[in-house]
Amino acid sequence: MNVTCISALRSMTHAQKAVRILKERGVSAAVVSLDSKTSTHGCAYGVSYPCVYRTRAVQVLEESGLGYGETLTR
Amino acid sequence: MIYLDNAATTFPKPERVYTETLRCMREYAGNAGRGSHALAVRAADAVYECRCAAARLFGAKPENVVFTYNATYALNIAIKAFVARRSHVLISNFEHNAVLRPVAALAERGELSCGVFDLRAPDISAELSVHLLPSTRAVICTLASNVCGVRAPMKEIGKFCREHGLLFIADGSQAAGHTSVNVNDCGIDVLCLPGHKGLYGPQGTGMLVLSHEIDGETVIEGGAGVNSADTYMPPFLPERYEAGTLACPALAGLCEGIGFVTGVGVDNIAAHENALFLSLASRLADDARFTVYESDKSSSVLSFNVVGCDPSEVGRALDGRGICVRTGLHCAPLAHKTLATQGGTVRVSFGAFNTEADVRALCDALIAEV
C-alpha cells in the first residue's frame, strides 16, 4: 500500500516553495491543507509525498529552512 | 496615438501580459492561498511563480516578496511597519508624495521627525552624515526621480546605512525595469515598487522586496489564508503583510511582464530608452524656446518647459495632436522645489515600445505649437 506523508508548513507560500524544492530533488509532492486536529491556529498547509521518501523529504525541508511542524501519515 | 507617459504607467504592455491576465481570469482565477482545491492551488501557483520571478530579478527569496496594489501601498507599509516610532528618518529632496505624505502624516502625529538630504550631493556619505542624528533610524529614498530621472547612488547609500545601522527603504518606482537592482548588493533592506511601470504588469500590482526578515507592526489586518483562528496576522512573510485577496489575474500578467523585461534584458531596455532620451534632450537643449531640466545622462525621463507657456497648455496642445505627455508637479513637489520648477514641467518618459519616430513626431508637434 502506498502511504502518504504530510509535512506541515507555515503557509501556502512555504508549501509552494517546498513542492518545487522537493520536485527538484526527485520527490513528487503536492500542496495540501491540514485538518483541524493538526492545525491548532486554524487554516494551515503542508506538502504531501510518498512516505518512502520521508527521510529525504524531511531532510530537504530542514536544509531549505522550511522545516516547521510535524510529519504525519495518511 | 503616441504614448510618452511611461513613468506614470507603461503602455502598451507586451502581448503576453494581456494574454496571461485574461487566461487567468477565464481559466484559473481561484483565490490564491485560500483552500487547497484545484483552482485555489492553481491560482496560488501563479502567484508563487510571480514571487519567484520578482525574487530572481531583485536578488531576494520568493517568500520575501510581499505583493501590494501599487508602490504607494508598499511604501506606506514599509514606512509605517518597519520604521520605529518616535525616531528620525532621512528622505531625499526628490521624493514623490508616496514617501513624503506618509512621513509627513507620521510627523504631524508626533510619531516621526524627518531630515531632507540632497540626492545630487557629490559625496553622498558626507551629505547623509550632515543630517544624521542619534535618533535616525532609516533612509527613505527614491532610486530615480520621477520628475527628471536623477539617480540615487544606491550602493553608496546602502553602504552608509549598513555602517550606521540604518534601515534603507528604497522607492524603486522609476528604477525597476530600467536599471539593475539587487537588494543585497545595494544594501537595500526594503525595495518598494509598482508592477505596472517598468515591469510592464497590469495596474493594481506592486510589491515590497525585503533582503531579510524585518520585525514590524502590521498596517492592514484581515484574512491571510493561514492561522485563521488567531486574532492577529501571521508572524511570517509574506502573509503578514498580505491581508485580503490578492489580484491573481494581475499578478499572472505581472509575471509575464517580468518575463518580458528579463527576456529583453534590463540593460537593453535601459539603453533603448536612454537613446531616445538623449535624442530628445539634444534637440530641445539646442533650441532657446525650451528649458530642459537637470537629469541623469542615463535617464529615460526628461522634464522641460516651453519658455513663456504653462506646462498644462503644452500638454493640452500635444494631446490635441495625439501625443500623451504628463504635465504639472507629477506628485513630487519636493523635486520641483529642488529644481525651482514650482509651476510644474512637461514630462516625457520613454518605454520599451517607443521609437525614434515618436521623438521626431513630438519635436515636430512642439515646433508647430510654440
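Everything numeric here is computed off the predicted structure, so don't read it as measured data. Here is the naming used below: chain letters follow the sequence lines, and residue numbers restart at 1 for every chain.
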For a quick test of your reading: what N or O donor-acceptor pairs under 3.5 Å do the side chains of residues 220-237 of chain B make, sequence neighbours left out?
unit_1	atom_1	unit_2	atom_2	d
B:Glu221	OE2	B:Thr218	OG1	2.5
B:Asp230	OD1	A:His41	ND1	3.1
B:Asp230	OD2	A:His41	ND1	3.0

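For B:Arg34, the part lying under 4.5 angstrom from a heavy atom of chain A is the backbone only. Contacts of B:Glu239 with chain A are made by side-chain atoms alone, with heavy-atom separations under 4.5 Å and no backbone atom involved.
Cys pair A:Cys51/A:Cys5: SG-SG separation is below 2.5 Å.
Scanning both residues, A:Val19 and A:Ala30, for their nearest heavy atoms gives CG2-C, 3.7 Å.
Between chain A and the residues B:Ala32, B:Gly35, B:Cys52, the largest count of heavy-atom pairs under 4.5 Å involves B:Gly35.
A salt bridge links A:Arg25 with A:Glu63; the closest basic N to acidic carboxylate O contact falls under 4.0 Å.
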